[in-house]
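In this chain, residues are counted from 1 in sequence order.
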Amino acid sequence: MALKLVSRSQWGARAYRTPNGATPYGRARRGVKLHYLGTPYSDRAHDKCDDYVRQIQAQHMDGNGWSDIGYSFVVCTHGYVYEGRGLKRRNSANGNTSLNDQDYAVLLLVGSSGLTKPTDAQLDGARDAIEYCRKSGPAGSWIGGHRDGYATSCPGDAVYAWVKAGAPRPKTAAPSKPATEEDDMPSAKEIAAAVMEYQIDDPRTEGTKYVPVKSVLWWAGADAAQANAKVRDLEAQLAAVHAKLDRLLAANTQG
């Protein structure tokens, strides 16, 4: 998927403090570490996500005394990737200076309660961020959680399980096969059944009375059978009369 990157200016980031906020990485990055908030979090409309990212930055700068938001990137539940310290400036979220210098830090906006499982869009966005770090950082192929090499429950069990599975893109349901004219055409059996249930005016009664076709066909079939029997009886009687006439004609000729 295409990376939906939200730049610092787009989400309204404060300027970072120097010189610490401008510290570059001192070595090639091994890979990417995933994080979660570790506090309660509830999902929100996308137009409120930048407010929350600014809130994180304020907590890190004013509460923790850091020079900037601690993460390299932040991924909201809608799959957008917010630029934190970015690709070139060393993060401060992995636990200590050595760990910060070793891997990028990508935060998913999920919490320890409330919303604890990332959305599919968020996993796609996180995967986009990982690939962006690998391609443009650059970073190696290693991927892990904050808890790898540091004593913490971060990034939570749900995110960590995804990390240990290789951070795959979520599987989407295959689109349903569009119906074709052939699929819509009822079978001969279905057509016959529908015809038999069709309501018509009963020819056996006076006035208007609607009955299923199948009942009229049964009645007509019964009458037809009786009529055929009568015709066969008459034919037999006529044959007997013809036989008698033939015998009488033969006797008169001989006499």
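- Checked by atom type and distance alone, the side chain of N20 never pairs as donor or acceptor with a backbone atom of S67 at under 3.5 Å.
- The aromatic rings of H35 and H146 sit tilted relative to each other, their planes meeting at an angle between 30° and 60°.
- Checked for salt-bridge contact, R17 and D62 meet the test: a charged N lies under 4.0 Å from a carboxylate O.
- N64 is listed as a side-chain neighbour of Q59, based on a closest heavy-atom distance under 4.5 Å.
- Shown are L5, V6, L107; of these, the side chain to side chain contact (heavy atoms under 4.5 Å, CB included) with F73 is made only by L5.
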Cut-off 3.5 Å, no hydrogens considered: what does the side-chain donor-acceptor table look like for residues 36-43, sequence neighbours left out?
residue, atom, partner, partner atom, Å
Y36, OH, S153, OG, 3.4
Y41, OH, R44, NE, 3.1
D43, OD1, T77, OG1, 2.6

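- In this view, W162 satisfies the ring-ring contact (aromatic ring centres under 6.0 Å, His included) rule with no residue, not counting sequence neighbours.
- Note on Y82 and W66: separate hydrophobic clusters, where clusters join Ile, Leu, Val, Met, Phe, Trp and Tyr whose side-chain heavy atoms are under 4.5 Å apart, directly or indirectly.
- Residues passing the side-chain contact (heavy atoms from CB on, under 4.5 Å) test with S9, sequence neighbours excluded: S7.
- Remark: H78 engages H46 in a ring-ring contact (aromatic ring centres under 6.0 Å, His included) (not counting sequence neighbours).
- Legend: residues meeting side-chain contact (heavy atoms from CB on, under 4.5 Å) with D47, ordered by chain and number and at least two apart, are A45.
- Within the structure, salt bridge (charged side-chain N to carboxylate O under 4.0 Å, His left out) pairs that include any residue of residues 135-152 comprise R147-D157 (at least two apart or interchain).
- Note that the CZ atom of R29 and the CG atom of N91 stand 10.0 Å from one another [nearest 0.5 Å].
- For the atom pair CG (N94) and OG1 (T152), the distance works out to 11.0 Å, reported to the nearest 0.5 Å.
- A22 approaches T18 most closely through the heavy-atom pair CB-CG2, 4.4 Å.
- Not a single donor-acceptor pair under 3.5 Å links the side chain of R134 to the backbone N or O of G31.
- Between atom CG of residue D128 and atom NZ of residue K4 there is a gap of 8.0 Å, rounded to the nearest 0.5 Å.
- Both Y80 and I56 are members of a single hydrophobic cluster when ILVMFWY side chains are connected at heavy-atom separations under 4.5 Å.
- For residues 98-117, the pairs satisfying salt bridge (charged side-chain N to carboxylate O under 4.0 Å, His left out) are R27-D101, R30-D103, with sequence neighbours left out.
- The minimum heavy-atom distance linking P155 with L34 is given by the pair CB-O, 3.4 Å.
- Y160 and V74 fall into different hydrophobic clusters, where Ile, Leu, Val, Met, Phe, Trp and Tyr residues are linked whenever their side-chain heavy atoms come under 4.5 Å apart, directly or through other members.
- The ring-ring contact (aromatic ring centres under 6.0 Å, His included) check on Y25 picks up Y104, with sequence neighbours excluded.
- Listed by first and then second residue, the salt bridge (charged side-chain N to carboxylate O under 4.0 Å, His left out) pairs that reach into residues 82-98 are D68-R89, sequence neighbours excluded.
- Contact check for V159 versus Q122: no side-chain heavy atoms found under the 4.5 Å cut-off.
- The minimum heavy-atom distance between P118 and L108, with the atom names listed, is CB-CD2, 4.0 Å.
- Side-chain N or O atoms of R127 include none that pairs as donor or acceptor with a backbone N or O of P168 at under 3.5 Å.
- Under the side-chain contact (heavy atoms from CB on, under 4.5 Å) criterion, N96 pairs with S98, L99, not counting sequence neighbours.
- The ring-ring contact (aromatic ring centres under 6.0 Å, His included) contacts involving residues 84-103 comprise nothing, where partners must be two or more places apart or lie in separate chains.
- Hydrophobic clustering, with ILVMFWY side chains joined whenever heavy atoms are under 4.5 angstrom apart, groups V81 together with Y52.
- Here the straight-line distance linking atom CG of D120 with atom NZ of K171 works out to 12.0 Å at 0.5 Å rounding.
- Residues passing the side-chain contact (heavy atoms from CB on, under 4.5 Å) test with R54 are W11, D50, D51, sequence neighbours excluded.
- Pairing each heavy atom of I130 with each of A167, the nearest pair is CD1-CB, 4.1 Å.
- Taking every heavy atom of both residues into account, A129 and L3 meet most closely at N-CD1, 4.3 Å.
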